[in-house]
Amino acid sequence: MTIFKDTITDEATGAVYEIDNRVFSMCVEHQLNAIREHAKELILAAAPEYKQRNAALGLLSQQEIDDIKTEIQNIRTISNQKEGEILAVIWDGNESTRPAACDAVQAVRWD
């Protein structure tokens, strides 16, 4: 999977060259997966599986259940926003614009 730029160094001159063989669709897929994985980590940190299970079983107070739901929904909202930003980047198929499109996709970060 080609999602990162490569660099090579000319041993004779010491010049460094950047080679951009990134595949746009792979950049999008990688970035979407990174956002989803980060959201999953945040959800599990805020509401571990045992708390989610206890909420589903009715073992927690209504306030605790509401807090868990709110926290999960807040994370999902940000995740959906970031996914939307990634999917909003359109590559026109022109090889000269591919690096900029890949850069735009990879610039979408959680923070």
Side-chain angles (χ1 to χ4, degrees):
M1 177 158 57
T2 306
I3 55 171
F4 301 108
K5 300 175 191 175
D6 292 322
T7 57
I8 59 169
T9 304
D10 184 336
E11 292 180 14
T13 64
V16 177
Y17 299 98
E18 187 174 89
I19 300 173
D20 194 340
N21 290 325
R22 293 177 293 174
V23 177
F24 179 75
S25 62
M26 290 181 175
C27 289
V28 170
E29 180 182 340
H30 174 77
Q31 208 66 9
L32 287 172
N33 287 337
I35 292 295
R36 291 170 182 155
E37 187 60 32
H38 189 67
K40 177 181 172 184
E41 291 169 4
L42 290 175
I43 287 171
L44 289 176
E49 286 185 23
Y50 75 90
K51 278 190 176 182
Q52 294 179 43
R53 187 173 36 257
N54 288 347
L57 293 171
L59 301 176
L60 302 179
S61 70
Q62 189 58 48
Q63 182 61 49
E64 290 172 310
I65 292 171
D66 290 344
D67 290 346
I68 290 171
K69 285 181 180 180
T70 299
E71 187 65 31
I72 290 173
Q73 188 55 48
N74 289 341
I75 294 167
R76 290 182 65 206
T77 298
I78 295 169
S79 178
N80 290 340
Q81 174 192 351
K82 296 300 178 185
E83 287 185 29
E85 291 174 26
I86 292 166
L87 295 173
V89 177
I90 304 296
W91 177 45
D92 61 8
N94 185 337
E95 195 57 31
S96 66
T97 60
R98 181 183 46 79
C102 289
D103 287 344
V105 165
Q106 291 180 320
V108 177
R109 304 264 186 228
W110 192 274
D111 38 61

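All residue numbers in this chain count up from 1 along the given sequence.
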Legend entry - Any pair counted as ring pair (Phe, Tyr, Trp, His ring centres under 6.0 Å), so long as it reaches residues 88-111, sequence neighbours left out: Phe24-Trp91, His38-Trp110
Legend entry - From CD1 (Ile43) to CG (Asn74), nearest 0.5 Å: 10.5 Å
Inset, instruction - Answer yes or no: are there more than 12 heavy-atom neighbours, outside Gln73 itself, under 6.0 Å from its atom CD? - result: yes
Inset, instruction - Provide the full list of salt bridge (charged side-chain N to carboxylate O under 4.0 Å, His left out) pairs with a residue in residues 39-52, sequence neighbours left out, each pair given once. - result: none
Inset, instruction - Answer whether the closest heavy-atom distance between the side chains of Val89 and Val28 falls below 4.5 Å. - result: no
Inset, instruction - Just jot down the side chain to side chain contact (heavy atoms under 4.5 Å, CB included) partners of Ala55, sequence neighbours excluded, or say none. - result: Leu60, Ile65, Ile68
Inset, instruction - May I ask you to list the residues sharing a hydrophobic cluster with Leu57, side-chain cutoff 4.5 Å, ordered by chain and number? - result: Leu59
Inset, instruction - Determine which pairs satisfy side chain to side chain donor-acceptor pair (under 3.5 Å) with at least one residue from residues 54-65, sequence neighbours left out, and list them in order. - result: Ser61-Glu64, Gln62-Asp66, Gln63-Asp67
Inset, instruction - Go through the structure and list residues passing side-chain hydrogen bond (donor to acceptor under 3.5 Å, both in side chains) with Ser96, not counting sequence neighbours. - result: Asn94
Inset, instruction - Please round to the nearest 0.5 Å and tell me the distance separating atom CD1 of Ile19 and atom CD1 of Ile8. - result: 4.0 Å
Inset, instruction - List in chain and number order the residues that pass side chain to side chain contact (heavy atoms under 4.5 Å, CB included) with Ile90, two or more places apart in sequence or in another chain; answer none if no residue qualifies. - result: none
Legend entry - Contacts of type side chain to side chain contact (heavy atoms under 4.5 Å, CB included), residue Thr9, not counting sequence neighbours: Val16
Legend entry - Main-chain N/O of Ile86 paired to Gln31 side chain as donor or acceptor, under 3.5 Å: no
Legend entry - Under the side-chain hydrogen bond (donor to acceptor under 3.5 Å, both in side chains) test, residues paired with Arg53 that sit two or more places apart: none
Inset, instruction - Mind jotting down which residue pairs meet the salt bridge (charged side-chain N to carboxylate O under 4.0 Å, His left out) criterion with at least one end in residues 78-97? Sequence neighbours excluded, please. - result: Arg36-Glu83, Lys82-Glu85, Glu95-Arg98
Legend entry - ring pair (Phe, Tyr, Trp, His ring centres under 6.0 Å) partners of residues 39-88, not counting sequence neighbours, each pair once: none
Inset, instruction - Provide the closest heavy-atom pair for Ala47 versus Ile72 in the form atom of the first, atom of the second, distance. - result: CB-CD1, 4.3 Å
Inset, instruction - Using the rule that two of Ile, Leu, Val, Met, Phe, Trp, Tyr join whenever any of their side-chain heavy atoms come within less than 4.5 Å, decide whether Met26 and Leu32 are in one cluster. - result: no
Inset, instruction - Measure the spacing between CG of Leu42 and CD of Glu37 and express it to the nearest 0.5 Å. - result: 10.5 Å
Inset, instruction - Name all residues meeting the side chain to side chain contact (heavy atoms under 4.5 Å, CB included) criterion together with Lys5; count only those two or more places apart in sequence or in a different chain, and write none if there are none. - result: Glu18, Asp20, Arg22, Asp103
Inset, instruction - Kindly indicate whether the side chain of Gln106, heavy atoms from C-beta on, has any atom under 4.5 Å from the side chain of Ile3. - result: yes
Legend entry - Heavy-atom check, side chain of Gln81 versus side chain of Thr77, under 4.5 Å: no
Legend entry - For the student: nearest non-hydrogen atoms of Val23 and Cys102, plus distance: C-SG, 4.3 Å
